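Heads up, the thing below is written out as structure tokens.
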Amino acid sequence: MNHVLILSDTHHIVKSLSLLIQTEPSLHVLDVTRNVIGNMDQLPDNSVIIIDMNVDNIELLIEQFPEKYPVILYSGSLELMDIPIHLQSAGCRYFNAYTSPEEIIKILMGCFQNTIS
């Protein structure tokens, strides 16, 4: 089982992404709790983190994660230009509200294949 942590201040984004992720039997959505946010090292090794670009202090949040966890950025915008240059250079994957459900699952599964090898 592979795990996905969704970080967003917007309930409908978390709910929509959670429902999509649950369509893939090998994926499990982790509950966001203060314990998880305060101690990222306790996440299962086979975890991927999706971060909504509208989360406050996103740069600091990304820096808080150990490198073993792939980070995927989510934006409600259509434009790739909305991702600040310094986040692009961090090597984060990206999808937006217009990305097809199949492609989102493909992006997630690609993260897990990269951590297995």
Side-chain angles (χ1 to χ4, degrees):
M1 180 76 51
N2 296 309
H3 305 278
V4 181
L5 181 66
I6 304 167
L7 300 178
S8 176
D9 295 330
T10 308
H11 177 73
H12 78 271
I13 290 173
V14 174
K15 185 169 181 147
S16 296
L17 289 174
S18 294
L19 289 171
L20 169 64
I21 291 165
Q22 290 170 7
T23 66
E24 172 56 47
S26 66
L27 297 177
H28 172 257
V29 178
L30 295 170
D31 291 329
V32 178
T33 64
R34 291 205 183 274
N35 292 339
V36 168
I37 300 301
N39 194 354
M40 292 297 180
D41 287 327
Q42 290 188 358
L43 286 176
D45 286 343
N46 54 338
S47 295
V48 168
I49 302 161
I50 298 174
I51 305 176
D52 182 352
M53 293 285 298
N54 291 321
V55 170
D56 290 334
N57 298 318
I58 188 169
E59 295 89 355
L60 295 173
L61 190 60
I62 290 173
E63 290 173 9
Q64 182 179 345
F65 299 123
E67 288 185 23
K68 67 180 176 180
Y69 302 119
V71 172
I72 302 172
L73 301 177
Y74 166 80
S75 173
S77 171
L78 183 59
E79 295 297 322
L80 181 62
M81 297 300 288
D82 290 340
I83 300 178
I85 297 298
H86 58 280
L87 291 179
Q88 291 181 38
S89 66
C92 297
R93 290 188 167 102
Y94 169 81
F95 69 90
N96 63 27
Y98 303 94
T99 305
S100 72
E102 296 82 9
E103 188 64 23
I104 293 169
I105 296 294
K106 190 173 166 183
I107 290 167
L108 287 167
M109 298 307 289
C111 290
F112 294 115
Q113 290 175 354
N114 289 341
T115 58
I116 292 172
S117 47

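All values reported here derive from a predicted model rather than from experimental measurement.
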Atom [atom1] of [X] and atom [atom2] of [Y]: how far apart are they, to the nearest 0.5 Å?
X	Y	atom1	atom2	result
Glu102	Ile107	CD	CD1	11.5 Å
Asn2	Met109	CG	CE	6.0 Å
Ile51	Met53	CD1	CE	9.5 Å
Phe95	Leu73	CZ	CG	9.5 Å
Leu5	His28	CG	NE2	11.0 Å

Distance-minimising heavy-atom pair for [X] and [Y]:
X	Y	value
Phe65	Ile49	CD2-CD1, 3.4 Å
Cys111	Arg93	SG-NH1, 2.9 Å
Ser75	Tyr94	CB-OH, 3.6 Å

Return the set of residues passing side-chain contact (heavy atoms from CB on, under 4.5 Å) with [X] (not counting sequence neighbours), or none when no residue passes.
X	answer
Lys106	Glu103
Pro44	His3, Leu30, Asn46, Ser47
Val4	Ile6, Ile21, Leu27, Ile50, Leu108, Phe112

Problem set entry | Positive for side chain to side chain contact (heavy atoms under 4.5 Å, CB included) with Leu7, one of Val71, Leu61, Asp52 |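 The passing option is Leu61.
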Exercise. Tyr74 side chain to Ile13 main-chain N or O, any donor-acceptor pair under 3.5 Å?
Worked result: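 Checking the backbone N and O of Ile13 against the side chain of Tyr74, no donor-acceptor pair under 3.5 Å is found.
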Exercise. When clusters are formed by joining ILVMFWY residues with side-chain heavy atoms under 4.5 Å apart, either directly or through shared neighbours, do Val32 and Val55 land in the same one?
Worked result: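 Yes, because Val32 and Val55 connect within a single hydrophobic cluster, where side-chain heavy atoms sit under 4.5 Å apart.
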Exercise. Below 4.5 Å, heavy atoms only, C-beta onward: do Leu20 and Ile104 meet side chain to side chain?
Worked result: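 In contact.
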